[in-house]
Structures are given as C-alpha cells and as structure tokens.
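First listed ligand is number 1; within each ligand, the first listed atom is number 1.
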Amino acid sequence: MTRDAVLARQAKRVLRGNDAGAFTKPGPYQYPHQWNWDSALIALGLSHFDLPRALAEIQALLSGQWRDGMLPHVVYHTTASDYFPNPAFWQIEGSPQAPAVPTSGITQPPLLTSVVRMIHARTPVAGFVRQVYGSLLAWHRWLHTARDADGTGLVCLIHPWESGTDDSPRWLQAMAAITPTDVPAYSRGDTRHVAAVERPFETDYDRFVYLIDVFRRLRYEPQALLARSPFLVQDVLFNSILYRADEDLRALGLELGEPVNEITGWLEQQRSHFDARFWDAPAGLYFDYDVRAASPIIVSTATTFLPLYAGLPNASQARRLVEDHLENPDEYAPGEAVRYRLTTTSLREPAWDGRRYWRGPVWIILNWLVADGLRFYGYDNLAEALARDSLALMTSAGFREYYDPRDGAGLGSTEFSWSAALALEFREYV
Ligand code: DGY
C-alpha cells in the first residue's frame, strides 16, 4: 500500500473515531460538540466513503439553525463535556429566535453551501439539495441583512470566534480597544487539553468572554449587536468564503429552478465594494476593515490570499499576491525561517509565533482554500506544493489541528477531524 493510501485509511479511521452518533466531533477531547465550518469539511471528507453519514452530518448542523436563519458556530446537541463555554453560558433562551437545540449565539465562516455543491458535483444528491436549499438560503439572507452594517453587502463579524481565526494578529488592535469590565467568572477548558503556549493568551480569553456577556445582555438582537458590539469588523476571509458560497447557492438555485435574483444582487453588491474596502494597492495585499474604528487593519496574514478562492482578484492582483508575497521567503514562502507552507501570519509581523494557534502555525484548512484558489488562477505547481506540504505534515505528525511551520511539530488538538477530511481532498492534487 502506498504512503498516501495508508494516510487515507488513517484519515477515515479518525473521522469514524470522532463520530458521536448524531454528529462528528472536530477533536475528541478539545472540541466535543458540533462546530459549524468544521462540520462542513467533515461532511466533505465523509462523502468520500459514507455519503449517507455525510448528509446526516449536514442535517445535524442545520438542526441548530435559529428561526431568523442564523447558523450558529457551535451546536451542542445533548453531549455533556468540560468544554467552555458550555450551553448554559450563552443564555440563548433570551432570544425569541433561538432554536430548541442548545447552541452558541454567534456564527462562523459559511463554507457549508460550497461543500453541499462540491458533494453534489461528485455524487448527485438532488433530493438532498432540495431538502436543504431553503435553510442555506435563509442563512445567507440573514448574513446579508442582519450583518450588513453599511449597505455594501460585506458582512460584519462581532466576535473573533466568528472569523474562525480566534487570536489572529488581525484582531490585536480591535481587541486592545476593548476594556472588559465585570467579566463573568469562567474557567478555560482549552488549556486542560492543549499546552497554554499553543492557545490564545488570557487577555484574549477575557475579551472573548466579555463579548459573549455583552451579546447575551442584548438578547442577541441583530440590530442591537450591530449598534453596540465593541468588536465589529469586516473580514477578508469570511467575505471571500461568503462570496464563493453565494455563487454556489446561486448555481444550486438555478438547478432547482428557484428564483435567484436576490442572490445575483448580493453578488453584484459584494463585487462592487470588495476592492474599495479591502484591496491595498500600494501593498498589493487585501486587509480587513475595523468598522468600529473606521480604519483598515494593516496586518498581513495568510487570509489575504482567500480572495483567490473566491475568484475575486483580477490577473494583476493575483500575480502580486502570489509573486510578491506568497512566494516571498521573508513573508510566507519556505526559506531560512520556515520549512513548510503556509505560515498563517507573515513572518514580518511582530506578533508572529510559530506555535501559537493563529499566530503562525500551518493550518490544513488554509492550505486547502488557498490551493483551490491557486488552481483557479493557473498556479498549479504552487497548489501542488501546498498539498504536498500538507500531506507530509499529516504523515509525519498525524492529523493535528495545526503545525509548527519550522519543524513540522504537531500542535493543538490530536486526531483533528478536518485535517483528516482534507487529507482525502488533497489526494487529488498530487
Ligand atoms: C475554541 O474554543 O477554541 C473555538 O475556536 C471557539 O469556537
């Protein structure tokens, strides 16, 4: 059996091992509930060898959808655990929109629709698409209404957890501007399972918790959250994933014979504002925007390459992103400082840290999203290099949550589901 075939067999074992019955845990100890974008990728992985289970994964996630369409970042189902925050902490029952299932009160990057389309393209599941289309549409509509603060069609995030990149240095300034007062008593669960040096700092956690407390006092009312959340940003990663997901939703809608004018409108609106808001022409990079401070966030992280996944840059923007930055060993490319692609933060950023969560480690999800974008723009060799590095890391250090880009050491959660799922995806790149 080849090395890749062995890795694929191990990947399936991890996905099966994390199966909790109704859903799949992202990690067996650290993440014992159902996370939104993890779950989408888990379904994609499962679809390679157990399509019914993949579709059930998606149904389980949608069972946590709020009445107004919001798809929460965590669905707790009935599993008891030592994870913090637990369901009681969110107090979602304060909102008339909350579902019967216990969930968090915030959302996460909307990968799900694109995954549904990818699965459907691989093995047609038209009946299933029809079943879930209304829920997907409702989630996108919620994002484009409840989270559009300025009529640009670009959505706002109210919590770093919504970006999926919790302690990214992109959020340092916005977080520093928040003074957490009367932080509710809490005890971190994450550092029970993973070394503290690999997890966000205490100062971040105090603010993570403080923000939840603000939201629950506002009863998760969308207008109040937009008006009063101390953290309000437009994120390049989230908006790129949404743009691609809107395109995929539109394609699914057309196939089902549904009206798609509303979705076409969202796409046009986003396209006409994306560059003005995010593209920094002198730097040749996309930067996030701090809506509260009304200023761009001039911090370079690998999420700057996500518009490639959405097909948004023109040829010259794509060339600058790739040739000036992705291939630059002083920023992202392997060289004297790092051995593996793709460090999540530019090596030039003072906050770079090769072992701490989103401050520098390689994440398989980012490698996959960027590789997909690179292929779209014809950079097939670079996409293959990302795939090879990802497979090499998983082969030598196992299916970890993230990896040190210098020595390839595995970090964070062990037996991490989306790494396993994406190992199956990356097989077709090499
Ligand atoms: C965590 O617990 O680390 C998550 O990223 C929050 O969803």
Side-chain angles (χ1 to χ4, degrees), residues 18 20 23-42 61 64 70-77 79-90 92 102-112 157-171 175 183-184 186-216 220 231 233 235 237-238 241 301 303 344-345 353 355-361 363-366 400-402 411-419:
N18 287 338
F23 70 96
T24 305
K25 301 174 192 174
Y29 314 108
Q30 176 87 334
Y31 302 109
H33 304 285
Q34 187 174 30
W35 265 257
N36 185 325
W37 69 336
D38 292 78
S39 188
L41 295 179
I42 287 164
L61 180 64
M70 199 271 277
L71 198 61
H73 101 294
V74 179
V75 183
Y76 291 90
H77 299 286
T79 330
S81 78
D82 62 358
Y83 178 75
F84 173 82
N86 60 21
F89 192 83
W90 290 95
I92 62 166
T103 75
S104 72
I106 57 173
T107 192
Q108 236 181 3
L111 265 180
L112 184 62
L157 309 187
I158 57 172
H159 195 294
W161 287 351
E162 293 197 316
S163 74
T165 61
D166 308 2
D167 69 339
S168 170
R170 282 143 53 230
W171 313 139
M175 291 292 263
V183 180
Y186 72 98
S187 156
R188 287 177 70 166
D190 58 326
T191 43
R192 275 199 281 273
H193 300 291
V194 171
V197 291
E198 297 169 23
R199 292 289 304 173
F201 288 104
E202 291 295 329
T203 48
D204 289 315
Y205 254 83
D206 276 352
R207 285 162 178 77
F208 295 156
V209 171
Y210 169 72
L211 287 170
I212 297 173
D213 190 42
V214 170
F215 305 159
R216 62 191 192 180
Y220 301 100
F231 182 89
V233 303
D235 170 22
L237 171 141
F238 195 108
I241 288 177
T301 74
T303 58
T344 34
T345 295
D353 180 340
R355 296 184 84 81
R356 193 178 295 278
Y357 216 37
W358 289 94
R359 295 281 170 99
W363 283 75
I364 302 299
I365 183 177
L366 276 192
R400 298 297 296 263
E401 190 179 4
Y402 40 99
L411 304 166
S413 173
T414 55
E415 296 134 85
F416 198 61
S417 292
W418 83 22
S419 299

* Asked: For Gln108 and ligand 1, does the shortest N/O to N/O distance drop below 3.5 Å?
  -> no
* To do: Measure up the Tyr357 and Tyr402 rings against each other and bin them: parallel (under 30°), tilted (30 to 60°), perpendicular (over 60°).
  => perpendicular
* Structure fact -> Quick note on ligand 1: atoms under 4.0 Å from a heavy atom of Arg199 include exactly 1 (C), 3 (O)
* Relative to Tyr205, does Arg188 satisfy both conditions: NZ or CZ under 6.0 angstrom from the six-membered ring centre, and within 45 degrees of the ring's axis? -> yes
* Can you tell me which residue and heavy atom of the protein come closest to atom 7 (O) of ligand 1, and the distance to 0.1 Å? -> His73 NE2, 2.8 Å
* Give a yes or no on whether a salt bridge exists between Asp82 and Arg192, defined as a side-chain N under 4.0 angstrom from a carboxylate O. => yes
* Heavy-atom gap Asp166 to ligand 1 smaller than 4.0 Å -> yes
* **Within-shell test, Tyr357 vs ligand 1, heavy atom, strictly < 4.0 Å** => yes
* Can you find a side-chain donor-acceptor pair between Ser163 and Trp171 that sits under 3.5 Å? -> yes
* Provide the number and element of each atom of ligand 1 under 4.0 Å from a heavy atom of Tyr83. => 1 (C), 2 (O), 4 (C), 6 (C), 7 (O)
* Side-chain contact, heavy-atom cut-off 4.5 Å: Ser413 with Tyr29? -> no
